[in-house]
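Following: one structure in structure tokens, then a few remarks.
All ligand and atom numbering here is 1-based and tracks the order in the structure.
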Amino acid sequence: MTGPPTATPSRFEHVPVAVYPSSADGSRAVAREIAALLRAKRPGNRPAVLGLATGSTPLSVYAELVRMHREEGLSFANAITFNLDEYYPIQPSDPRSYRHFMREHLFDHIDIAPENTHVPDGTVPVSSVDAHCRDYEGRIQAAGGIDFQILGIGRTGHIGFNEPGSARRSRTRVVNLDSITRRDASEDFGGEENTPRRAITMGVKTILEARSIVLMAWGQHKAGIVRAATEGPVTPQVTASFLQEHDNVHFVVDSAAAGALTRHRTPWLIGALGDQGLEWDPAMMRRAIIWLSQLRAKAVLKLTDDDYNEAGLQDLLRIHGSAYEVNLAGFYQLQHTITGWPGGRDPKRTKPGDAPVRPLRSPSAGTFPKRILVVSPHPDDDVIGMGGTLCRLVEHGHEVHIAYQVSGSNAVSDEALARDLRFAGDAGLTSRETAERLRSLFAAYESAGSLPETPETAHWKGLVRRQEVLAAARVCGVPSGRLHFLDLPFYHTSPGRRRQLGEKDVEIMRDLLGAVRPHLIYAAGDLDDPHGTHRLCLHALRDALALSSGEAWVRECELWLYRGAWAEWSADEIDLAVPLSPQEVLRRRRAIFCHETQKDMALFLGDDRREFWQRSEDRSRRLAETYNSLGLAEYEAIEAFKRYAPEEFLRDLPL
Ligand code: F6R
């Protein structure tokens, strides 16, 4: 069902932003705009000139256009298209080229004349690339200019490949790619070193000349940059912000990508909440109180009537009567997130007056001990994200299972695998025949500097990580019989293909859920993961739960999301906070250390060069400090979780 956009412009947003409940809804709306243009220009066969983008963002728009072509007879006979960009250099036949992308997702499935499709040419020699760029501009002019331009937005705020620093007057040209953009693309190219450094892109000015522009963004990982582009100043540092100067532009985003807009984060700054159709529910109240406490640098219980009045939060005083009452309500909400019993309290150790299960609330909350399933996308996310809580759950006597969704083989260097294979050979642990094969493999490794990328080496790399899991699980006290290596097939998509979940992935998840029938699930909710694996892993779990929804155990099950190595929940999002002692922090560190292939220069550290154990410790210590500064007890570290309500996991999350 297509929901209407919640278009509530605020004085903070300098471009119109339509927020849709899901990326599918937003994509359908954009596809309808394109279809309307094609149809309006159809009489007299006038050309409809489209500016197109690649990347994950427009995928569902293209899928919808293909569907409309097949099922509704939408014709592209009058379409002329110009793509924003192309890697340089690259062959059009390369599956990672944007020309190939466009054929695969759109051009090969519609009735567009191939000569009407334009993508910058990644094969032109360096000596003629400037002429090629000028010619590209000329062709756009000759077609009458772009009627409708679709855009995605990169994490650097780029549109096309106009990276930070691009001038407003820039034209189609060769550019150097930003290191963040290259890291985001590195998985498609099998590592950063193989990722192109340059691209040809339409310029900012070229884009701004389009008569109508829509920028789409899906997912929480885009929320910060969407805010910067819409609410921030117009600056070459965020080239999407130049769109604020266009008079026929709008942003189409899903609710996750809209999450950092002022109207969502701090709607009280916009005016009366009621006018925005928002209620002062407990979650909004907690967010406002935490915001105020941090703004005033005061503990929650020290906030005064003046603090509330001056910050525009007089509504809360009116509802609760006085700052004293609001403070107490906010303080208790925060305090009730904290528990040392993440799986519920052991009834045998419950004293009168203890809240036995808070903050759990499912029908099985009182069951003790519980069957608990920790779902870890990669082999180390469990200990990085919730190693302390994991140890605690085992100590409390719960039946803790851990499922590793992907093998993690991509992040094992050839050197690490070669070391283990050499050991097996040198220790005489191989048959004569295998020893012979290993010798030829090493000879190839010595001369080529890399091992062949075969399913076999990928499998071996997965096994290397399994050994690390077994070691870490020993530190946490989880028996090997409760470790489940799912090796979801989506992870092994051939290079250059975007990963997509298949039925098999969901089936594997569903079978595991059916076998464990957990009372509690802890899953990684790390949607900022730059490589998208965590997002797909969460989708696999969500779809498997949806398939299992008829089973009795699902109705009794509670689901919590932890954060992995990339980001922490903000204090107002946290529903469960598990304080850790200094010893528990050290034990978690030992468990993370077991993942030796991920130490020192791991392959996919992302923008942050700290090692995973450092990120985990810094993050959980900082959270403990935040709780303390809000006026709660002083803990060494805190691991935090957010409740994942069924209506959320049945909502369409962007891929
Ligand atoms: C693609 C392009 C880029 C992408 C942006 C977002 O042709 O020009 O600006 O739109 O990098 O990429 P995704 O959609 O993969 O998040």
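Using a 4.0 Å cut-off between heavy atoms, Asp85 contacts ligand 1 through its side chain alone, with no backbone atom that close. Residue-level proximity to ligand 1 for Ile153 is carried by the backbone, the only part with a heavy atom below 4.0 angstrom. At a heavy-atom cutoff of 4.0 Å, ligand 1 is contacted by both the backbone and the side chain of Thr54.
Judged by distance alone, the side chains of Glu573 and Ser570 do bring a donor and an acceptor atom under 3.5 Å apart. Thr156 and Asp178 are not linked by any side-chain donor-acceptor pair at a separation below 3.5 angstrom, with hydrogens and angles left out of the test. Between the side chains of His492 and Asp487, at least one donor N or O sits under 3.5 Å from an acceptor N or O. For Thr181 and Arg155, the side-chain atoms include no donor-acceptor pair closer than 3.5 Å. Side-chain contact, Gln91 with Ser97: no donor N or O sits under 3.5 Å from an acceptor N or O.
Polar contact check, His158 against ligand 1: a nitrogen or oxygen pair lies under 3.5 Å apart. For ligand 1, the polar-atom distance check finds an N/O of Gly160 within less than 3.5 Å of one of the ligand's N/O atoms.
Close approach to Gly152 involves these atoms of ligand 1, each under 4.0 Å from a residue heavy atom: 10 (O). Below 4.0 Å from some heavy atom of Ser56 lie the following atoms of ligand 1, by number and element: 13 (P), 14 (O), 15 (O), 16 (O). Interface of Leu84 with ligand 1, defined as ligand atoms under 4.0 Å from a residue heavy atom, comprises 8 (O). Using a 4.0 Å cut-off to heavy atoms of Gly55, the atoms of ligand 1 that qualify are 14 (O), 15 (O). Near Lys222, with a cut-off below 4.0 Å to any heavy atom, the atoms of ligand 1 are 6 (C), 13 (P), 16 (O).
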Can you give each donor-acceptor pair under 3.5 Å made by side-chain atoms of residues 227-236, sequence neighbours left out, with the distance rounded to 0.1 Å?
| unit_1 | atom_1 | unit_2 | atom_2 | d |
| --- | --- | --- | --- | --- |
| Arg227 | NH1 | Ala260 | O | 2.9 |
| Thr230 | OG1 | Val226 | O | 2.8 |
| Thr230 | OG1 | Arg227 | O | 3.4 |
| Glu231 | OE1 | Thr262 | OG1 | 2.5 |
| Glu231 | OE2 | Thr262 | N | 2.8 |
| Glu231 | OE2 | Thr262 | OG1 | 3.2 |
| Thr235 | OG1 | Gln237 | N | 2.9 |

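The salt bridge (charged side-chain N to carboxylate O under 4.0 Å, His left out) search around Arg42 returns none, not counting sequence neighbours.
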